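Taking it in order: structure first as structure tokens, then the write-up.
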Amino acid sequence: METVGSGGRLDSGGLDRSRSSSKLVALLVFFPPACFRFSPQLSARVAEEMGVTLGEEVGYTIRFEDLTNSGTTMIKFLTDGVLLREMMDDPLLTKYSVVMVDEAHERSISTDILLGLLKKIQRRRPDLRLIISSATIEAKSMSAFFQTSKRRRALEGEELGPRMDPAILSVEGRGFHVQIHFVEEPVQDYVQAAVSTVLLIHDQEPMGDILVFLTGQDDIDAAIHLLNEEAQTNRKHSSGLILLPLYSGLPRAEQELVFSPTPRGKRKVVISTNIAETSLTLEGIVYLVDSGFSKQKFYNPISDIENLVVAPISKASARQRAGRAGRVRPGKCYRLYTEEYFSKEMSAEGIPEMQRSNLVSCVIQLKALGIDNILGFDWPASPSPEAMIRALEILYSLGILDDDAKLTSPAGFQVAEIPLEPMISKMILSSNELGCSEEILTIAAVLSVQSIWVYGRGVHRELDEAKLRFAAAEGDHVTFLNVYKGFLQSGKSSQWCHKNHVNYHAMKKVVEIREQLRRIAQRLGIVVKSCERDMQVVRKAVTAGFFANACRLEAFSHSGMYKTVRGSHEVYIHPSSVLFRVNPKWVVYHSLVSTDRQYMRNVISIDPSWLIEAAPHFYQHHGQNSFGK
DNA sequence: GAGCACTGC
């Protein structure tokens with residue numbers, strides 16, 4: 001918060017309390033997802049320093065919590081998604097006089113949309129002050145992005161007026177010096193190299209904790225296994241090491257272990273995914289081992305498939321990782337790649353998420369904000385035209401956009417109101433006519449969390465047995481209804497969850513999301529009604545949202561091979577699905593995961609005639625034969 | 001017969 005106080009340019013803006021009586025003058029500080037966990041604490045700290053009550057002059061808003069008072073709040077902390085939602089009702093952000101975007105260099109989809117919108121609304125609101133805070137490495141491109149408008153406006157002969165350029169702040173963390181080491185020769189196996197490096201540090205360096213960046217759970221488990229093996233064969237090397245894995249899928253209690261203080265004479269080794277790069281901060285790290293890789297999402301607009309792949313990180317990421325070693329005293333960073341690779345081949349910045357994603361949600365948000373010319377929108381990083389066109393095509397087929405690529409009424413506007421993937425939102429709208437909203441809201445909430453099951457090493461069999469207790473012949477979606485019912489009947493018991501291999505935290509979130517959806521549904525005039533035991537209407541509603549993911553079992557296929565109706569891609573039912581090996585002739589899936597094969601996750605059996613009912617335009621060219629018995 | 005980097009509304 002020093003940046004706010006030290007600028008000296010905000011003196012007549014949002015902090016002048018005397019003006020708040022006549023008009024709400026608010027300084028709004030927005031944080032991207034990575035800082036989500038901290039915004040309540042941050043606002044509490046600011047409230048404390050100002051000597052005011054949290055929720056009055058200073059407050060915060062995150063998805064399920066709004067601790068602000070519209071009459072008195074002058075400084076509000078919020079997340080990117082919340083601000084985008086606010087802009088749908090108030091596109092010019094008239095309630096605010098200053099907007100500060102923090103961590104803009106992270107370049108999430110929401111941040112990029114917001115930067116584009118803020119640049120646009122500055123034309124209409126020259127009095128709005130913008131402060132963009134970004135890491136040094138990205139500050140230049142941020143500044144360039146906002147500068148172009150000025151040049152373009154001058155070219156267009158527009159009066160430049162009193163509008164000031166946004167203040168671009170680059171605030172580097174004040175860390176201690178971190179000494180960087182590179183490997184001499186490229187390494188073949190970064191897991192093995194990371195393990196050797198940890199042992200070398202432990203052998204030769206003074207006490208201090210080690211943080212290792214690998215790519216995912218598999219790598220992390222493998223590294224821990226190797227280190228444990230070493231401990232058994234060579235006690236001297238590894239005695240005193242406390243090995244701690246860290247990734248988001250880890251149960252909460254195990255995650256917390258990384259924050260416990262290191263006992264005297266011991267050395268903590270945290271082996272982590274990217275979660276420790278930005279989302280959470282470990283104190284006391286002195287040595288850092290950087291594999292140079294992370295898992296990143298990539299999107300193929302031709303096949304409409306998002307893939308998670310191991311890819312080299314950027315220089316910006318490498319610097320961020322190194323900085324994690326210098327928080328308490330000077331540290332050392334061991335990079336498992338050569339200096340030449342770093343300087344010559346590593347890209348300066350990562351690819352913005354916008355250019356690596358399916359854009360249906362992004363397009364619908366912009367449409368709801370009244371931005372019609374999506375291709376001409378002034379993006380900080382333009383998405384590919386192919387991805388844009390694919391998104392428009394999908395939204396058109398769902399009946400969310402019309403022939404002129406405008407939101408349809410009411411469906412398009414209603415879908416934009418629902419904070420979920422458009423296909424799930426469409427499913428909810430359809431459930432109204434089919435009379436099964438009660439059930440579909442539950443399914444929508446479950447599909448919005450990562451997984452309601454507890455999965456882990458070596459518990460596949462137990463999980464399978466637990467699933468059988470809830471399994472429904474129709475498929476995974478109906479199975480979710482059984483789990484939800486059981487959870488409610490148990491009185492939302494954590495023991496019940498534990499006994500059934502159900503993730504308690506996920507189920508609590510399901511309840512929370514479902515409640516939010518129920519409120520929105522009622523506002524949209526959806527009658528929240530149950531279809532009781534009629535699961536056919538539930539399957540029809542799922543089909544109405546997910547018809548584009550329809551697949552047909554290949555005739556004479558004993559391997560369970562399906563082909564997508566749309567693109568004839570080869571896909572299989574994932575072994576975790578209740579329909580695995582059941583192989584109904586026709587299914588729709590919620591999402592694909594790609595490993596050696598494309599696996600369908602969350603699958604439900606359907607009747608092909610429902611596809612033509614749900615999306616006549618989408619399927620008419622396939623003709624009668626595609627749907628033959 | 002086996003997957004899930006990280007977030008958010």
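What you see is a predicted model; the values in this text were computed from it and never measured. By convention in this document, chain letters (A, B, ...) are assigned in the order of the sequence lines, proteins followed by strands, and residues within each chain are numbered from 1. Side chains included, hydrogens not; waters and symmetry mates left out as well; all remaining heavy atoms used.
Remark: P of B:dG8 and CD of A:Glu512 are 12 Å apart, rounded to the nearest angstrom. As rounded to whole Å, 19 Å separates atom P of B:dT7 from atom CG of A:Leu84. One interatomic measurement links the two molecules: CD of A:Glu306 to C1' of B:dC4, which rounds to 13 Å at whole-angstrom precision. Protein atom CD1 of A:Ile573 is 14 Å distant from nucleotide atom P of B:dG1, rounded to whole Å. Per the geometry, CZ belonging to A:Arg63 stands 6 Å off P belonging to B:dC9, to the nearest Å. Note: CD1 (A:Ile351) to C1' (B:dA5) measures 15 Å, nearest angstrom. The separation between A:Leu592 atom CG and B:dA2 atom P is 17 Å, rounded to whole Å. Between the CG atom of A:Leu114 and the C1' atom of B:dG8 there is a distance of 12 Å, rounded to whole Å.
Judged by distance alone, with hydrogens and angles left aside, A:Asp464 brings a side-chain donor or acceptor within reach of the base of B:dA2, the pair sitting under 3.5 Å.
Nearest nucleotide to the A:Arg601 side chain, out of B:dG3, B:dC6, B:dA5: B:dG3. For A:Asp80, counting side-chain heavy atoms from C-beta on, the closest listed nucleotide (B:dA5, B:dA2, B:dG8) is B:dG8. With B:dC6, B:dG3, B:dG1 as the candidates, the nucleotide lying closest to the side chain of A:Tyr247 is B:dC6. Side-chain proximity of A:Lys295 to the nucleotides B:dC4, B:dC6, B:dA2 is greatest for B:dC4. Comparing atom distances between the A:Pro575 side chain and each of B:dT7, B:dA2, B:dG3 picks out B:dA2 as nearest.
Residue contacts for A:Gln450: at a heavy-atom cut-off of 4.0 Å it reaches a base atom on one of the strands shown. No engagement by A:Ser357 is indicated, since no non-hydrogen atom pair under 4.0 Å with the nucleic acid exists.
With A:Met600 as the partner, the side-chain contact (heavy atoms from CB on, under 4.5 Å) test is satisfied by one option alone out of A:Val593, A:Val571, A:Asn549, A:Thr564: A:Val571.
Residue A:Ser248 places none of its side-chain N or O atoms closer than 4.0 Å to OP1 or OP2 of B:dA5. Dashed line: the shortest gap from a side-chain N or O of A:Thr79 to OP1 or OP2 of B:dC9 is under 4.0 Å.
Syn is the glycosidic conformation of B:dC4, whose angle stays within 90° of 0.
Shown here are the side chain to side chain donor-acceptor pair (under 3.5 Å) partners of A:Thr479, two or more places apart in sequence or in another chain: there are none.
More than 12 heavy-atom neighbours from other residues, nucleotides or ligands sit within 6.0 angstrom of CG on A:Leu226.
For residues 270-282 of chain A, the set of pairs meeting the salt bridge (Lys or Arg N to Asp or Glu O under 4.0 Å) definition, not counting sequence neighbours, comprises A:Glu277-A:Arg321.
Between A:Arg597 and A:Ser451, the one whose closest nucleotide on DNA chain B sits nearer the 5' end is A:Arg597. Mapping A:Gly216 and A:Arg85 onto DNA chain B by nearest heavy atom places A:Gly216 at the nucleotide closer to the 5' end.
When ring centroids are compared, A:His590 and A:Phe546 come within the 6.0 Å threshold.
Considering OG of A:Ser384 and OH of A:Tyr299, their distance stands at 8.5 Å, rounded to 0.5 Å.
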